[in-house]
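So you know, we letter chains A, B, ... as the sequences are listed, proteins then strands, and number each from 1.
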Amino acid sequence: MQREAVLHPGGPLLVFAGAGSGKTRVIVHRIAHLMSDHKVPAFRIFAATFTNKAAKEMRSRIEAMVQGGASELCMGTFHSLCALLLRRHAKEFGVKRDFLIYDENDQIEVIKSILDEFDLSPKEIDPRKIASRINRAKDQLKNPEDLIGYENEVFLEIFRKYQQSLAKAYAFDFGDLIMQTTIALENDSNLRETIASRFIHVLVDEFQDTNHAQFRLIRALSSAHRNVFVVGDDDQSIYGWRGADRRNIEEFRKCFPEARVIVLDQNYRSTKRILRVANAVIQKNKHRAPKVLWTENEDGDPVSVVRCASDRSEADFVVKRIKEMQRSGIPLTSIAILYRTHAQSRPFEDSLIAHGIPYRIIGGFRFYERTEIKDAIAYLRILFRPEDDVSFLRIVNRPARGIGEQTIQAIRQVAEEKSISLWDASKELIANSLIKRRSGLYQFIEWFDQVRNEAKSKLEKDGTIRIAQLAKRILEESGYLDWIEDDESRIENINAFLGMMEEFQDAYSAESPVESQGGEWGVLRTFLEQLSLEGESPKEEGEALALMSIHASKGLEFPHVFLVGLEEGVLPLRASNEEELEEERRLAYVAFTRARKTLTITLALERYLFGFRRHQQPSRFLWELPASEIKLDFGEEKGWLL
DNA sequence: CCGATTCGTGTTTTT
DNA sequence: CACGAATCGG
């Protein structure tokens with residue numbers, strides 16, 4: 001069946017690919033096949049993946065199969081691909097080529113400013129909830145006007161203001177990237193013709209986790225040729241909270257009635273026992289396409305279920321088990337600990353450190369989310385885009401320059417009246433001598449303007465500029481470094497960040513010396529963009545154990561998996577309705593099916609949760625495990641509950 | 001206006 | 001527990 005999918009002659013194809021059925025392999029081979037046997041030029045293939053990391057891996061696997069050209073593939077997340085299209089065809093899309101990308105933190109800051117302006121405290125209205133509602137609207141390709149009558153006026157007013165703020169800063173949020181691209185393609189038939197006829201083949205991985213906007217994008221992109229190849233598994237849809245719509249699978253069949261459907265239900269990854277456990281659990285979901293994965297692999301060991309007294313002893317147990325495995329020659333890289341929430345990693349980290357076992361946390365609190373790194377980024381963004389109010393507010397008084405509430409309000413007022421950015425409003429105040437020459441704001445604006453001008457003229461003269469050097473200068477002259485000098489780790493982080501910039505620029509100028517689309521600030525802009533789109537570059541070195549959330553484990557596999565915290569309130573974390581419960585169950589399913597050889601499930605009777613020590617009930621999912629495939633382990637105590 | 005301190009609140013998952 | 005917001009003295 002894999003072969004059928006790879007060699008599919010053309011037209012729409014829907015591949016139902018169960019966990020471990022060789023989904024990635026099929027996509028990789030499919031692309032390689034198109035390139036070498038059908039002579040499809042790489043740049044005419046559009047392939048959307050779930051993460052940029054996955055794209056990178058696939059790209060290098062394809063590179064190894066075809067001789068060269070894989071670097072030309074348009075492959076990445078929907079967000080990166082849309083950013084690419086919008087930039088490359090900025091004129092046709094009617095957008096500014098140098099747009100910034102706002103991530104969720106930026107969104108929250110914008111919303112907070114708006115709430116402030118409306119005299120609403122963040123207590124009455126949760127900015128995160130607003131952000132989420134805005135994002136969900138965009139997933140449906142809806143703007144505020146489309147929602148009149150469906151959403152309350154206050155929200156719509158905030159939404160409108162929010163869009164204005166982004167427009168002023170020439171910024172797009174994640175939702176805009178998809179929405180702008182899709183709407184333009186749908187409404188402008190010339191543009192659609194140009195773009196859609198360029199991409200002869202459209203491939204989509206993890207199709208079950210696409211949202212409605214992404215579906216419409218796929219439809220528009222494949223309108224010319226209908227060579228659309230989607231791969232997914234409704235049982236692994238775990239991003240409903242982010243707007244993913246599993247109905248896209250049915251929608252696809254409606255929209256492409258001639259589509260061929262191929263089912264990959266042979267699993268090549270796990271043992272029979274692990275698979276039986278996973279199958280048994282997922283079958284409890286009512287809303288799914290019926291299917292049963294099978295395998296020719298060996299039976300393997302029973303799945304162990306271990307009850308521990310507390311979160312601490314759960315961690316100690318797992319670490320003890322890992323030490324035993326290590327002694328018997330199992331490499332740490334073949335083991336993973338999976339949990340529902342990042343908060344659960346703490347006790348494991350403590351225990352691993354105590355035992356001197358190297359580990360790596362995937363996802364979670366990221367480097368670039370540290371305050372000092374965010375500050376540095378904000379300085380760079382203001383340099384590149386003075387109209388970026390979010391960054392302006394962030395650093396205008398860090399370090400303290402005597403610019404407080406009063407001054408900010410004055411700037412805000414001018415900005416509001418003239419409908420300009422805070423930066424321009426500040427300049428306005430200075431020009432009208434409403435601000436004293438000796439004031440902090442005056443000095444700050446003058447100084448920064450000078451830095452920007454010098455950098456610009458240097459760029460014009462030399463054609464290039466070392467961004468790390470520039471950043472260093474800014475952080476020094478602004479007094480930021482002195483301000484944090486007592487904090488050793490912050491200084492270190494800043495230095496690491498500067499190092500990242502150096503590295504990035506070397507790689508960048510080696511890769512695209514001439515073709516640096518995006519104007520004179522190309523390097524800087526691309527650097528900032530990568531930061532918001534994919535976070536820091538992953539440094540994967542050395543023999544280490546992996547810790548990650550179940551979400552982050554999607555698409556990965558490990559010979560040995562520990563799934564921890566199988567308790568009510570942890571997994572399932574919430575189950576206020578059937579829809580939510582089923583998504584939690586799919587999460588458990590995804591976790592089970594990461595394991596190749598052994599799967600160990602643990603739970604604690606007591607754990608720290610919400611600041612309290614709480615006694616925990618075993619997860620309802622434990623009762624769904626087939627007794628014949630599992631081995632109960634009583635841990636330290638007696639009196640098993642099941 | 002600054003910075004330190006206290007207070008209170010609220011906790012998923014991520015492009 | 002950890003963060004941000006409110007508060008207060010300088």
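One atom, CD1 of A:I403, and another, P of B:dG3, lie 12 Å apart when rounded to the nearest Å. Rounded to whole Å, atom P of C:dG4 lies 9 Å from atom CD of A:E109. With rounding to whole Å, A:Q180 atom CD is found 22 Å from B:dT15 atom P. Atom P of nucleotide B:dT14 and atom CG of A:D173 are separated by 19 Å, given to the nearest angstrom. Going from atom CD1 of A:I362 over to atom P of B:dT14 covers 12 Å, rounded to whole Å. To the nearest angstrom, P of C:dC3 lies 11 Å from NZ of A:K374. Between the C1' atom of B:dT15 and the CG atom of A:L177 lies a distance of 9 Å, rounded to the nearest Å. Rounded to a whole Å, the NZ atom of A:K129 is 12 Å from the C1' atom of B:dT11.
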Candidate pair A:R385 and A:D388, rule salt bridge (Lys or Arg N to Asp or Glu O under 4.0 Å), full reasoning: CA-CA 6 Å; A:R385 175 67 46 74; A:D388 181 358; over 6 Å; no
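Position along DNA chain B of the nearest nucleotide to A:R574 versus A:P399 favours A:P399 as the more 5'-ward residue.
Across all their heavy atoms, A:R585 and A:V281 have their closest contact at CD-O, 3.2 Å.
Heavy-atom neighbours of A:K96 NZ from other residues, nucleotides or ligands within 6.0 Å: above the threshold of 12. By the neighbour-count criterion of 12 heavy atoms within 6.0 Å, atom CD of A:E477 is densely surrounded, having more than that number from other residues, nucleotides or ligands.
Of the candidates B:dT12, C:dA2, B:dT13, B:dT12 carries the atom nearest the A:L573 side chain, counting heavy atoms from C-beta on. Comparing B:dT11, C:dA5, B:dT15 by their closest approach to the side chain of A:K112 singles out C:dA5. Checked against B:dT14, B:dT13, B:dT15, the side chain of A:T77 finds its nearest nucleotide in B:dT15. Distance from the side chain of A:A400 is smallest to B:dC2 among B:dT15, B:dT12, B:dC2.
A 4.5 Å side-chain heavy-atom check between A:Y162 and A:I114 finds at least one atom pair inside the cut-off.
Residue-to-nucleotide contacts include no donor-acceptor pair under 3.5 Å from the side chain of A:W241 to the base of B:dT12. Residue-to-nucleotide contacts include a donor-acceptor pair under 3.5 Å from the side chain of A:R340 to the base of B:dT13.
Note: A:H342 and A:Y339 have perpendicular aromatic rings, judged against thresholds of 30 and 60 degrees for the angle between ring planes.
A:H342 has no side-chain polar atom (N or O) that falls below the 4.0 Å cut-off from OP1 or OP2 of B:dT11. Between A:S549 and the phosphate of B:dT12, there is no side-chain N or O to OP1/OP2 separation shorter than 4.0 Å.
A:I550 comes within 4.0 angstrom of no nucleic acid atom, judged by non-hydrogen atoms across all strands. A:Y608 comes within contact range of no nucleotide atom at all, as no heavy-atom separation falls under 4.0 Å. At a threshold of 4.0 angstrom between heavy atoms, the contacts of A:R401 are confined to the sugar-phosphate backbone, with no base atom among them. Using a 4.0 Å heavy-atom distance criterion, A:T407 is classed as a sugar-phosphate-only contact. Residue A:N397 is classed as a sugar-phosphate contact, given heavy-atom separations below 4.0 Å to backbone atoms only.
Aromatic stacking is not marked for A:F78 over B:dT15, as the cut-offs of 5.5 Å for the centres and 30° for the planes do not both hold.
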